[in-house]
Amino acid sequence: MNRKDYISDQEVKWCQGCGDFNVLKTMQSALAKMGKTKHNTVFVSGIGCSSRFPYYMDTYGFHTIHGRAPTIATGIKSVNPELDVWVVTGDGDALSIGGNHFIHAIRRNQDIKILLFNNEIYGLTKGQYSPTSSQGCVSKSTPEGSIDYPLRPLTIAAAANASFIARTSDNDPKHMAAIFEAAANHKGCAVIEILQNCVIFNDKVHEPYNGPKQRKENLLYLEDKQPMFYGTDMGLKLSGLTPEVTYSSDKSVLVHEVNTSNTSLAYMLANLSYPQCPVPVGVFHQTQRETYDQLLDKQQSKEKLKKSQLMRLLEQNSYVL
Ligand SMILES: Cc1ncc(C[n+]2csc(CCOP(=O)(O)OP(=O)(O)O)c2C)c(N)n1
Ligand code: SF4
């Protein structure tokens, strides 16, 4: 298998230069590298530019209804646990109209991988602000600048106890591919925020930290069991319960732990924002617990057993009450 095997015959309708192209290419290559079969792979999306993704993958796909992709994906995985189920959603799709669905799919730990394309704007509808837009964001619906406090998507994932939480960037295919692979190998609900550029309505919104020249100084590359160093000589520590930047020579620089018993560390990392702090990328959190499809299967097997015992009893023709 190679990338070409995953390219569909559909004309790609994203704007030239849109960050979605890189995500698409990277996913196609990653699936080929992992040897994933097309007939066992499905992409489920909601509504938005990013949600056109399933058309462009030569796998199974379902372009569903606004905000409901995680729920439909939950159903798909429940009835066909053999499938690798990926959800594609935008910051508007997942966090405005779909906020509720996003939370509940995560808390159930259904074995689906949610790719949240965060461009901090509604792209498809031509540039209204979204729940992740920063304060001051001037958009079609906030001509005087947004006064809302933005949501940080991975704080929601941590609050809903996601078993896999990660962040990557559309302009770093190598990093993206590694995260996609880690998510694919995870059994449980994976939430991956992709910092994505909407070249038309919110161009360069992430550039101050993920631009090719800026990322070395401003991204914190998380590595399990490694100190949280970033930039030339900086690190992250806790002062009481508050994260604080410090020099890398400081002995109290935090050491990252991916597999923690709860999502508190992931929540703290997900809440960091530039320019006060670096922007973490990589795997924030990963734990293992039974998934929704496994629990459902167990429950149904028990029910089937009960039913078959009852049927046997009934077929005996005589029984004592
Ligand atoms: C029920 C309903 N409400 C509103 C819309 C309009 N609408 C379409 S896509 C969208 C948001 C898209 O933004 P996002 O999820 O961030 O995706 P992007 O286009 O940026 O990839 C909205 C509000 C709709 N299609 N259906
Ligand atoms: S409007 Fe923005 S997000 Fe949508 S295709 Fe164009 S560049 Fe991409």
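Atoms considered below: every heavy atom in the structure, side chains included; atoms not considered: hydrogens, waters and symmetry mates. Whatever order the structure lists them in is the order used to number ligands and atoms, beginning at 1.
Taking 4.0 Å as the cut-off between side-chain N and carboxylate O, E290 and K298 count as a salt-bridged pair. Using a 4.0 Å cut-off between charged side-chain N and carboxylate O, D293 and K187 make a salt bridge. For the pair R312 and E315, the salt-bridge criterion is not met [side-chain N within less than 4.0 Å of a carboxylate O].
Each of E207, R215, H206, Q196 was compared with N171 under the side chain to side chain contact (heavy atoms under 4.5 Å, CB included) criterion, and only R215 meets it.
Atom numbering of ligand 2 starts at 1 in the shown order; those under 4.0 Å from a heavy atom of V199 are 7 (S).
A donor-acceptor pair under 3.5 Å is formed between the side chain of D93 and the backbone N or O of G67. Under a 3.5 Å cut-off, the side chain of N40 and the backbone N or O of L83 do not form any donor-acceptor pair. Between the side chain of Y292 and the backbone N or O of C189, no donor-acceptor pair lies under 3.5 Å.
Side-chain rings of W14 and Y56 approach one another, their centers coming within less than 6.0 Å.
Atom NZ of K38 is surrounded by more than 12 heavy atoms from other residues, nucleotides or ligands within 6.0 Å.
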What are the atom names and distances for all N or O pairs under 3.5 Å between ligand 1 and the protein?
{"residue": "ligand 1", "atom": "7 (N)", "partner": "H66", "partner atom": "NE2", "Å": "3.4"}
{"residue": "ligand 1", "atom": "15 (O)", "partner": "G92", "partner atom": "N", "Å": "3.2"}
{"residue": "ligand 1", "atom": "15 (O)", "partner": "D93", "partner atom": "N", "Å": "2.6"}
{"residue": "ligand 1", "atom": "16 (O)", "partner": "D91", "partner atom": "N", "Å": "3.4"}
{"residue": "ligand 1", "atom": "16 (O)", "partner": "D91", "partner atom": "OD1", "Å": "3.3"}
{"residue": "ligand 1", "atom": "16 (O)", "partner": "G92", "partner atom": "N", "Å": "2.9"}
{"residue": "ligand 1", "atom": "16 (O)", "partner": "I121", "partner atom": "O", "Å": "3.1"}
{"residue": "ligand 1", "atom": "19 (O)", "partner": "C49", "partner atom": "N", "Å": "2.8"}
{"residue": "ligand 1", "atom": "19 (O)", "partner": "G123", "partner atom": "N", "Å": "3.3"}
{"residue": "ligand 1", "atom": "19 (O)", "partner": "L124", "partner atom": "N", "Å": "2.9"}
{"residue": "ligand 1", "atom": "20 (O)", "partner": "N119", "partner atom": "OD1", "Å": "3.4"}
{"residue": "ligand 1", "atom": "20 (O)", "partner": "N119", "partner atom": "ND2", "Å": "3.0"}
{"residue": "ligand 1", "atom": "20 (O)", "partner": "I121", "partner atom": "O", "Å": "3.2"}
{"residue": "ligand 1", "atom": "20 (O)", "partner": "G123", "partner atom": "N", "Å": "2.9"}
{"residue": "ligand 1", "atom": "21 (O)", "partner": "C49", "partner atom": "N", "Å": "3.4"}
{"residue": "ligand 1", "atom": "21 (O)", "partner": "S50", "partner atom": "N", "Å": "3.0"}
{"residue": "ligand 1", "atom": "21 (O)", "partner": "S50", "partner atom": "OG", "Å": "2.8"}

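Taken from CG in D148 to OG in S133, the straight-line distance is 8.5 Å, to the nearest 0.5 Å.
With a cut-off of 2.8 Å, the protein N/O/S atoms near atom 4 (Fe) of ligand 2 add up to 1.
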